[in-house]
Amino acid sequence: MDSAEFHAHVYRVVREIPAGRVTSYGHVAKLMGMPRHSRHVGQALKFLPPNTNVPWQRVISSSGTISSRGPGTNGADRQRQALEAEGVEVREGRTGELLVSLADYGWFPARLEGEEEAEEDSGGDDSEGAQI
DNA sequence: ATATTGACTCCCA
DNA sequence: ATGGGAGCCAATA
């Protein structure tokens with residue numbers, strides 16, 4: 001698999017994320033069958049053009065926090081706006097970090113819909129990280 | 001060619 | 001609950 005295909009795969013999975021929901025880089029990587037490529041998922045999103053049909057904003061870190069990517073960049077801010085526009089509540093930590101409640105908005109299906117076994121939610125259960 | 005970085009995660013202190 | 005360190009793999013320097 002080359003990088004182009006990898007990117008395409010990432011985009012395909014990201015497009016499956018329902019509006020008003022968020023997931024983590026690691027989970028996207030998992031859905032691709034490459035659980036260890038969590039970082040490269042974000043990398044691929046970075047390659048996206050400004051006007052794209054890929055809802056990259058629905059992908060955040062596994063802790064429910066939006067990665068800062070640097071104080072001089074506005075990417076995180078744009079992501080917050082996009083999420084709020086979709087109805088996702090974004091809370092702000094005291095250091096200005098953006099947090100999303102995975103317990104409420106997290107989307108972590110075992111496999112893609114129609115792949116094998118479709119199930120979801122029913123209590124959230126997202127392994128961990130959901131500190132109240 | 002090797003070294004460093006990064007839109008990450010997990011594990012242990 | 002928080003914090004620091006190691007693991008990962010492709011892209012960049």
Side-chain angles (χ1 to χ4, degrees):
Chain A
M1 153 172 319
D2 46 50
S3 59
E5 224 174 291
F6 180 83
H7 292 170
H9 207 150
V10 171
Y11 304 151
R12 198 190 78 190
V13 173
V14 172
R15 268 198 279 266
E16 294 303 313
I17 305 173
R21 292 291 185 83
V22 295
T23 191
S24 65
Y25 300 96
H27 200 85
V28 171
K30 243 176 226 179
L31 293 176
M32 300 171 65
M34 302 170 146
R36 304 302 194 236
H37 289 61
S38 47
R39 307 181 89 141
H40 310 283
V41 173
Q43 192 84 273
L45 295 179
K46 182 177 77 175
F47 278 75
L48 280 158
N51 29 11
T52 179
N53 49 352
V54 180
W56 60 274
Q57 56 266 20
R58 294 175 196 158
V59 184
I60 62 180
S61 74
S62 64
S63 306
T65 65
I66 297 175
S67 309
S68 316
R69 321 52 128 192
T73 56
N74 50 338
D77 193 39
R78 276 184 22 236
Q79 185 163 5
R80 170 160 58 106
Q81 292 182 54
L83 286 175
E84 286 180 334
E86 294 194 351
V88 176
E89 273 187 69
V90 179
R91 298 172 56 187
E92 189 175 333
R94 57 187 192 87
T95 64
E97 51 193 49
L98 302 155
L99 302 170
V100 176
S101 190
L102 292 179
D104 293 334
Y105 303 102
W107 180 77
F108 299 94
R111 301 297 294 184
L112 253 37
E113 295 177 8
E115 284 286 314
E116 201 171 309
E117 54 182 66
E119 65 78 40
E120 197 281 300
D121 65 270
S122 79
D125 87 81
D126 41 286
S127 11
E128 61 103 5
Q131 64 238 64
I132 313 158

**Prompt:** From dA7(B), dC9(C), dT9(B), pick the nucleotide closest to the side chain of Ser61(A)?
**Reply:** dT9(B)

**Request:** Could you label the plane-to-plane angle of the His7(A) and Phe47(A) rings as parallel, tilted or perpendicular, counting under 30° as parallel and over 60° as perpendicular?
**Result:** tilted

**Atom pair distance, as rounded to whole Å: CE in Met32(A) and P in dC9(C)** = 14 Å

**Message:** Rounded to whole Å, please give me the gap between CH2 in Trp56(A) and C1' in dC8(B).
**Reply:** 17 Å

**Asked** Please give, in whole Å, the distance from dA7(B) P to His27(A) NE2?
**Response** 22 Å

**Message:** What is the distance, to the nearest angstrom, from the CZ atom on Phe6(A) to the C1' atom on dC8(C)?
**Reply:** 12 Å

**Message:** Using a 4.0 Å heavy-atom cut-off, does His40(A) contact any base of the nucleic acid, only the sugar-phosphate backbone, or nothing at all?
**Reply:** base

**Message:** So if I take every side-chain heavy atom of Tyr25(A) and compare against dT9(B), dC8(C), dA11(C), which nucleotide ends up nearest?
**Reply:** dT9(B)

**Asked** In terms of hydrophobic clustering (I, L, V, M, F, W, Y; side-chain heavy atoms under 4.5 Å; direct or indirect links), are Ile17(A) and Met32(A) co-clustered?
**Response** yes

**Item:** Distance test, side-chain N/O of Ser62(A) to OP1/OP2 of dC8(B), below 4.0 Å
**Value:** no

**Complete:** Between NE2 of His7(A) and P of dA10(C) the distance, given in whole Å, is 11 Å

**Request:** Name the closest nucleotide to the Ser24(A) side chain, picking from dA11(C), dC9(C), dT9(B).
**Result:** dT9(B)

**Fill in**
So CH2 of Trp107(A) and NE2 of His27(A): to nearest 0.5 Å the spacing works out to 6.5 Å

**Message:** Categorize Ser67(A) for me: base, sugar-phosphate, or nothing, with a 4.0 angstrom heavy-atom threshold over every strand shown.
**Reply:** sugar-phosphate

**Fill in**
Result for 5'-nearest mapping on DNA chain C, choosing between Lys46(A) and His37(A), is His37(A)

**Item:** Rounded distance in Å - CG (Leu45(A)) to P (dA10(C))
**Value:** 17 Å

**Message:** Any side-chain N or O of Ser63(A) below 4.0 angstrom from OP1/OP2 of dT9(B)?
**Reply:** no

**Message:** Checking the side chain of Gln57(A) only, and the main-chain atoms of Gln79(A) only, is there a donor and an acceptor separated by less than 3.5 Å?
**Reply:** no

**Item:** Spacing of Leu48(A) atom CG relative to dA11(C) atom P, expressed in whole Å
**Value:** 15 Å

**Closest nucleotide among dT9(B), dT12(C), dG6(B) to the Arg39(A) side chain** = dG6(B)

**Prompt:** Please give, in whole Å, the distance from dC8(C) C1' to Gln43(A) CD?
**Reply:** 13 Å

**Heavy-atom check, side chain of Val10(A) versus side chain of Val54(A), under 4.5 Å** = no

